[in-house]
2 protein chains.
Amino acid sequence: MGTTTASAPPDGDLHARAAMLLAAHGQKYTTARRAMVAVLAAMPHPATIAEVLIASPDLAASTTYRNVTVLREAGIVTRVSGADEFGRFELTEELAGPHHHHVTCTNCGLVLDAQSSASLEAALNDSIRDLMKAAGYEITGHRLELVGRCASCR
Amino acid sequence: MGTTTASAPPDGDLHARAAMLLAAHGQKYTTARRAMVAVLAAMPHPATIAEVLIASPDLAASTTYRNVTVLREAGIVTRVSGADEFGRFELTEELAGPHHHHVTCTNCGLVLDAQSSASLEAALNDSIRDLMKAAGYEITGHRLELVGRCASCR
DNA sequence: ATTTATGCAAATCGTTTGCAAACCT
DNA sequence: AGGTTTGCAAACGATTTGCATAAAT
């Protein structure tokens, strides 16, 4: 399990792994769900429901809303909060890629992925230990959001 | 300007400073706006619009939605994205307190404030320089969100 | 074959907007 | 007084839900 855990799995594994995760939750890997996973995998950044529907026009909106819930419960997708009111979704780090953070545009709401450095992660983990005690929370993860204006909005 | 910048201003200044910021944007510090600022100042965490309306039942919802926009434009309030779809609002750091981060509950969406350490901030600032170049963003700030389950949801 | 997911259309709910009355300076 | 803000009610738009059909194992 050494090196495999930290790196992105080969693309061919993606759907097979998604199917397994769904099966483990008593759910099927249907066409609509596969389509959604494919869209999210192809996106270079977390996608809104609207973006998913545009990328995959045959999907019904209601089905997509229902499936995002199912995929989240199965640990395939996570929700990312951006600057605006729209939820954004991406494949979980465990499923599709390494740990990363986000850069959010205050003007248009666009969210891009950004890699974190080892030193930053180390500092984060140090601080997290302290903060979880202070807040009485059981901390399960962290999310760093850089805020600014994207290239098109500058 | 050394020490004053980093610490929270005395409470008595709050409304006076809010009034100045609004005036600088050609806006008035009305009763409804003062009420909203007071609610946010009293809250130990970023508040949803619903929470503001509960805390200040005389406020009309429409007015509150309009005022949150005005207060944001004046630099009095910022929007915080939590785990759920509801926007949360708090007084800006410059107005009401020192730089801090948030701890979000994955179960109930509650967001608490958490102080950051100097070493973490240093690491953040280092990384930010790199990331802003890579992403082509003009970075104006950062936000660290720790994710977990709050004391009541554990 | 049987259970589960889908799609359409209607219902829901948070948020926004039009407009007349109340407010502030 | 004069322009702005407020509050109500209606409009809006994203998300959710009911139910009959289609798909999956």
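Within every chain, numbering begins at 1; the chains are lettered A, B, ... in the order of the sequence lines, protein sequences first and strands thereafter.
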Considering all heavy atoms, the nearest B:Thr92-B:Val77 contact | CG2-N, 3.7 Å

Please state how far atom CG in A:Leu71 lies from atom C1' in C:dA5, giving the value in whole angstrom units.
-> 12 Å

Could you state the atom-to-atom distance from CG of A:Leu22 to P of D:dA23 in whole Å?
-> 20 Å

Apply side chain to side chain contact (heavy atoms under 4.5 Å, CB included) to B:Glu90 and B:Met43, showing your working.
-> CA-CA 8 Å; B:Glu90 65 181 1; B:Met43 287 269 177; over 6 Å; no

Check the distance between D:dA14's P and A:Ile54's CD1 and give it to me in whole angstrom.
-> 11 Å

Is it true that B:His101 and B:His142 have ring centroids separated by less than 6.0 Å?
-> yes

Under 4.0 angstrom between A:Gln27 side-chain N/O and C:dA5 OP1 or OP2 = yes

Under 3.5 Å donor-acceptor, A:Ser56 side chain and A:Val52 backbone = no

Roughly, in whole Å, what's the span from CZ in B:Phe86 to P in C:dC13?
-> 11 Å

On DNA chain C, more 5' by nearest nucleotide between A:Asn67 and B:Glu85 is A:Asn67

With B:Gln27 via side-chain hydrogen bond (donor to acceptor under 3.5 Å, both in side chains) - residues at least two apart = none

Spell out, as yes or no, whether a donor-acceptor pair under 3.5 Å connects the side chain of A:Arg79 to the backbone of A:Arg72.
-> no

Quick one: salt bridge (charged side-chain N to carboxylate O under 4.0 Å, His left out) pairs with a partner in residues 109-127 of chain A, sequence neighbours left out?
-> A:Asp126-A:Arg129

How close or far is atom P of D:dG7 from atom CZ of B:Arg33, stated in whole angstroms?
-> 11 Å

Taken to the nearest whole Å, CG/B:Asp84 to C1'/D:dA14 is 15 Å

A:Thr63 vs C:dG7: side-chain N/O to OP1/OP2 distance below 4.0 Å | yes

Reading 5' to 3' through nucleotides 19-25 of chain C, protein heavy-atom contacts under 4.0 Å coded B for base, S for sugar-phosphate only, - for none | -----B-

Can you tell me how far C1' of C:dA5 sits from NE2 of A:His25, to the nearest Å?
-> 18 Å

Between C1' of C:dC13 and CD1 of B:Ile49, the distance in whole Å | 15 Å

